[in-house]
Enquirer: 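Here it is, the structure, as C-alpha cells.
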Protein chains: 2
Amino acid sequence: MNVTILDRLLQIGELFQHDMARAFAGTGLTSARVRVLWVLQHSGPMTQQALASALEVSPRNVTGLVDALEASGHVHRAPHPNDRRAVLVELSATAEQTMAQMQRDHAALSATLLDAVDPGERAAVERGVAAIADRLAVLVAEAREAES
Amino acid sequence: MNVTILDRLLQIGELFQHDMARAFAGTGLTSARVRVLWVLQHSGPMTQQALASALEVSPRNVTGLVDALEASGHVHRAPHPNDRRAVLVELSATAEQTMAQMQRDHAALSATLLDAVDPGERAAVERGVAAIADRLAVLVAEAREAES
DNA sequence: TTCATACCATGAAGGTACTACATCATTACC
DNA sequence: GGTAATGATGTAGTACCTTCATGGTATGAA
C-alpha cells in the first residue's frame, strides 16, 4: 500500500495538532481556546456571534470558551456600544503579547519546514500546496451544498 | 499578513477533518472510531494495548471506542489464543468492506487533489510535502524528548 | 511450586469540546 | 406599538480523552 500525498498532508495536520496540545499542557490553554485567541488577534474585538461563525461552531459553545478564557485572564467581555444584547470579546494585554509571540513562532516553524524542501522546488511546492488547499475547499463546499 | 505554507497545510487538515465529521454524521461512526477501523484494516486483528499505542491514546480510551464499535457491529472481541488477559479486536465482514471502500475513496481524493497541481510540478510537490512531513516528525519527536 | 511482579482490560471519576432546544432581553421592522 | 428576529446563556446530553484503582492472568525467580 503506497503512501499517498493525502496521507502525508494529513500526517502533517495530526503532528502539528498533537504537538500543540502537548505544548499547551498545563497552561490552561487548549487548542480550541487558542483558536479563539487567534481569531481575535487577527480580526480584533468581536461579538460571540461573530466569533461563532468565524470558528464555525455553535454560539453556545463560544460562551463556554469565552468563559474559560475570561477566567484565565486571556480575554474580557465589554458591553457592545450599539447593542445591549451583545458583548464584545477582546484580548487582554498579556494575551495580545502571547499571541504575537505565537505568531512569530508559527512563522519561524513555517520557514523551518520549508527549509526541508529542495531550494529549487520551494516555489513549486508552495504553489502546489495552495492549489491543493483551494481544490479541497471547493470539494468540501460542494459536498456541503449537496447535502443541504 | 502573508499566508504561510504552514497555514495552507493546516487548512487542508482542518477541511478534511471537518468534512469527514460531516460525512459520517448519522452513521454512528465518528472520526476517532474510524481511526480504530483504519488501523485494524491496515494491521489486522490486535489487542487493545496494541491499538492504544498505534493510536497514541490511553488503553482505557480504547476500551470505550471498541465498546461503541462492537455495539454497532463494526468489530468484535475474540479471545487471545495465548493470553487470557487480552482480547483480539477484529473487523466484522461488513466493516471490512466499508473500510476497503473508504480506502478507495481516499485514494481517489488524493488523485483529485494532485490533479489540481501543475503536471510538471507534481513530482516536486509530492517530494516537498513528504520532506516537510518528515522534518515536522523529527521536530515533534525532539520536542517530546526535551520534555520527558 | 510458589510468590512477587508486571501486564491487560475495565470500573470510577472528571475535564474539555461540541450539540440542540428553551429562555430572556433587546433590537428591528411593519 | 406589537410582532418577529437576534445575542447570550441555562439545561441536558454525547463523544473523546485523562488518571487512578481493581481484578484476573502471565512470567520469572527463589
Side-chain angles (χ1 to χ4, degrees), chain A residues 14 17-39 45-72 74-90 147, chain B residues 14 17-39 45-72 74-90 147:
Chain A
E14 282 167 27
Q17 203 166 330
H18 203 275
D19 191 55
M20 285 275 285
R22 192 193 46 68
F24 290 135
T27 69
L29 284 177
T30 62
S31 66
R33 293 174 194 171
V34 169
R35 271 195 293 275
V36 173
L37 300 180
W38 193 261
V39 170
M46 55 174 67
T47 66
Q48 297 187 177
Q49 288 289 335
L51 223 31
S53 70
L55 295 165
E56 298 195 286
V57 298
S58 69
R60 183 59 184 89
N61 189 20
V62 172
T63 298
L65 293 171
V66 171
D67 283 349
L69 287 168
E70 197 171 32
S72 58
H74 291 94
V75 305
H76 58 94
R77 288 175 164 102
H80 190 289
N82 305 327
D83 189 340
R84 272 182 297 174
R85 294 170 302 181
V87 297
L88 280 181
V89 183
E90 42 192 33
E147 288 212 344
Chain B
E14 282 168 27
Q17 203 166 331
H18 203 275
D19 192 55
M20 286 275 285
R22 193 193 45 69
F24 290 135
T27 67
L29 284 177
T30 63
S31 68
R33 293 174 195 171
V34 168
R35 270 195 293 274
V36 173
L37 300 181
W38 193 261
V39 170
M46 56 174 68
T47 67
Q48 297 186 176
Q49 289 288 336
L51 224 30
S53 70
L55 296 165
E56 298 195 285
V57 298
S58 69
R60 184 60 185 87
N61 189 21
V62 172
T63 299
L65 293 171
V66 171
D67 282 350
L69 287 169
E70 196 170 33
S72 57
H74 291 96
V75 305
H76 58 93
R77 288 177 164 102
H80 190 289
N82 305 328
D83 189 340
R84 273 182 297 174
R85 295 170 302 180
V87 297
L88 280 181
V89 183
E90 42 192 34
E147 288 212 343

Enquirer: Looking only at side-chain N and O atoms, does A/R85 come under 4.0 Å of OP1 or OP2 in D/dT9?
Expert: no

Enquirer: Heavy atoms only, 4.0 Å cut-off, all strands: where does A/D83 land among base, sugar-phosphate and nothing?
Expert: sugar-phosphate

Enquirer: Choosing from C/dT19, D/dC16, D/dT19, which nucleotide comes nearest the side chain of B/S58?
Expert: D/dT19

Enquirer: The side chain of A/L65 is closest to which nucleotide in this list: C/dC18, C/dC8, D/dT19?
Expert: C/dC18

Enquirer: For B/L29 and D/dC16, give me the distance from atom CG to atom C1', rounded to whole Å.
Expert: 15 Å

Enquirer: Return the value, rounded to whole Å, for the distance between atom CD of A/Q49 and atom C1' of C/dT27.
Expert: 13 Å

Enquirer: Looking at CG of A/L29 and CZ of A/R35, how far apart are the two atoms once the value is rounded to the nearest 0.5 Å?
Expert: 12.5 Å

Enquirer: A/V57 has a side chain; which of D/dC17, C/dA9, C/dT19 sits nearest to it?
Expert: C/dT19

Enquirer: Quick one, A/T63 with A/Q48, criterion side chain to side chain donor-acceptor pair (under 3.5 Å). Give me CA distance, side-chain angles, the key distance, then yes/no.
Expert: CA-CA 7 Å; A/T63 298; A/Q48 297 187 177; 3.2 Å; yes

Enquirer: Just how far, in rounded Å, is P of C/dA17 from CD of A/Q17?
Expert: 12 Å

Enquirer: Here's a test of your reading of the structure: between A/S31 and B/A86, which maps to the more 5' nucleotide of DNA chain C?
Expert: B/A86

Enquirer: For A/R84 and D/dG7, is the shortest distance between a side-chain N/O and OP1 or OP2 below 4.0 Å?
Expert: no

Enquirer: Between atom CZ in A/R77 and atom P in D/dG7, what is the gap in whole Å?
Expert: 15 Å

Enquirer: Think B/T63 has a side-chain N or O under 4.0 angstrom from the OP1 or OP2 of C/dA9?
Expert: no

Enquirer: Return no unless some side-chain N or O of B/Q48 is found under 4.0 Å from OP1 or OP2 of C/dC8.
Expert: no

Enquirer: C/dC18, OP1 or OP2 - any side-chain N/O from A/R60 closer than 4.0 Å?
Expert: no

Enquirer: In whole angstroms, how far is the C1' atom of C/dG14 from the CG atom of B/N61?
Expert: 14 Å

Enquirer: Report the distance from atom CG of B/L55 to atom C1' of D/dT18, rounded to the nearest whole Å.
Expert: 15 Å

Enquirer: Students often get this wrong, so: under 4.0 angstrom with heavy atoms, is A/V62 touching a base, only sugar-phosphate, or nothing?
Expert: nothing

Enquirer: Do the side-chain N or O atoms of A/R35 get closer than 4.0 angstrom to the phosphate oxygens (OP1, OP2) of C/dT16?
Expert: no

Enquirer: Let me know the distance between CZ of A/R22 and P of D/dC17, rounded to the nearest Å.
Expert: 18 Å

Enquirer: Hey, does the side chain of A/T47 come within less than 4.0 Å of D/dG7's phosphate (OP1/OP2), counting only N and O?
Expert: no

Enquirer: Return the NE2 to CG distance between A/H74 and A/L65, rounded to the nearest 0.5 Å.
Expert: 13.0 Å

Enquirer: Just how far is it from atom CZ of B/R77 to atom CG of B/L88, taken to the nearest 0.5 Å?
Expert: 11.5 Å

Enquirer: Roughly how many Å is it from CG in A/D67 to C1' in D/dG10, rounded to a whole number?
Expert: 11 Å

Enquirer: So if I apply the side chain to side chain contact (heavy atoms under 4.5 Å, CB included) rule between B/R33 and each of B/V66, B/V75, B/L69, which one comes out positive?
Expert: B/L69

Enquirer: In Å, rounded to the nearest 0.5 Å, how long is the span from CD of A/Q49 to OG1 of A/T47?
Expert: 6.0 Å

